[in-house]
Engineer: 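Below you will find the structure I want to go over with you.
Atom set for the values below is all heavy atoms of this structure, side chains included, hydrogens, waters and symmetry mates excluded. Both ligands and their constituent atoms are indexed starting at 1 by order of listing.
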Amino acid sequence: MREAIEIVQVGKKAKDLSFRFNNTEGFIVPLVSDQIQQVFVNILINSVDAVLEMKENFPDMRGEILAETYIEGSSLIVELSDNGDGISEDKHAKIFEPFYTTKAVGKGTGLGLWVSYGIVKSFQGDIKVTSKPGRGTSFKISLPLNPIY
Ligand SMILES: Nc1ncnc2c1ncn2[C@@H]1O[C@H](COP(=O)(O)OP(=O)(O)OP(=O)(O)O)[C@@H](O)[C@H]1O
Ligand SMILES: [Mg+2]
C-alpha cells in the first residue's frame with residue numbers, strides 16, 4: 001500500500017491532496033504482491049481523478065484519500081476512501097464491468113476496476129463500493145487470511 005501511494009503521488013497531479021494510511025501488522029495474507037499493488041494503484045488513481053473532478057467546481061476543497069486497514073472476522077479489510085465527486089447508486093454495479101468509463105476519450109479505458117475485481121476474486125476476496133454523488137466514495141476490499149484452494 002505504501003508503494004502504491006507513492007506511485008500514485010508521483011505519477012498523478014496529486015500534490016495538493018492528502019493521503020492517509022494506517023497499517024495493520026502481525027497478519028499474513030496469501031497474495032501476489034505485484035497484483036494487489038495494481039489493485040491499490042487502480043483504485044487510488046480513480047480517487048485522485050474523482051477528487052480533481054470535484055475540485056473543478058470547488059477549487060478550495062481539501063482533497064483527502066484514506067487507506068484504512070483492519071481485521072474483520074477472518075479477513076483483512078482494506079478500505080480506500082475519497083471525498084471526490086462520487087458515483088450514483090444506479091452505476092454501482094456498472095463500474096466493475098469492462099470498458100465502462102465516464103472519463104474523457106483517451107483518459108480512461110474502463111478496465112481498472114474490472115481488472116481489480118478479477119485479481120481480488122482470484123485471492124477469494126471481494127470488493128464492495130459505497131458512494132454518494134457529491135459526497136465521496138469508499139471501496140471495501142476484503143481478503144481472507146486463510147483462503148481455501
Ligand atoms: N473513486 C471514484 N469516484 C468516482 N467515480 C469513480 C471512482 N472509481 C471509479 N469511478 C467510476 O467508475 C468508472 C470505471 O472505473 P475504472 O477504473 O474501471 O475505469 P476508468 O478509471 O474510467 O479507466 P481506467 O481505469 O481503465 O484508466 C470511472 O470511469 C468512474 O466513472
Ligand atoms: Mg480507473
Engineer: Could you check whether any side-chain N or O of H92 sits under 3.5 Å from a backbone N or O of I87, counting only pairs where one atom can act as donor and the other as acceptor?
Structural biologist: yes
Engineer: May I ask you to check whether F139 has an N/O atom sitting below 3.5 Å from an N/O atom of ligand 1?
Structural biologist: no
Engineer: Return yes when L111 approaches ligand 1 closer than 4.0 angstrom through a heavy atom, no otherwise.
Structural biologist: yes
Engineer: Can you tell me if G84 has a non-hydrogen atom under 4.0 Å from ligand 1?
Structural biologist: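 False for this residue.
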Engineer: Just jot down the ligand 1 atoms closer than 4.0 angstrom to any heavy atom of D85, in number order.
Structural biologist: 4 (C)
Engineer: Is the Mg ion (ligand 2) under 2.8 Å from any N, O or S atom of N42?
Structural biologist: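 Of the N, O and S atoms in N42, none lies under 2.8 Å from the Mg ion (ligand 2), which means no.
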Engineer: For the 3.5 Å polar cut-off, considering only N or O atoms, please tell me whether K103 and ligand 1 meet it.
Structural biologist: yes
Engineer: Heavy-atom contacts with A50 under 4.0 Å: which atoms of ligand 1 show up? List them by number with element.
Structural biologist: 2 (C), 3 (N), 4 (C)
Engineer: Going by the order shown, which atoms of ligand 1 are within less than 4.0 Å of some heavy atom of T101?
Structural biologist: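 Heavy-atom distances to T101 below 4.0 Å select 20 (P), 22 (O), 29 (O).
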Engineer: Run the numbers for me: atoms of ligand 1, each under 4.0 Å from some heavy atom of G112, listed by number.
Structural biologist: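 In order of numbering, the contacting atoms are 16 (P), 17 (O), 18 (O), 24 (P), 25 (O), 26 (O).
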Engineer: Are any of the N/O atoms on I87, whether in the backbone or the side chain, positioned under 3.5 angstrom from an N/O atom of ligand 1?
Structural biologist: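 Between I87 and ligand 1, no N or O pair is found under 3.5 Å apart.
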Engineer: Relative to atom 16 (P) of ligand 1, which among V51, L113, L80 owns the nearest non-hydrogen atom?
Structural biologist: L113
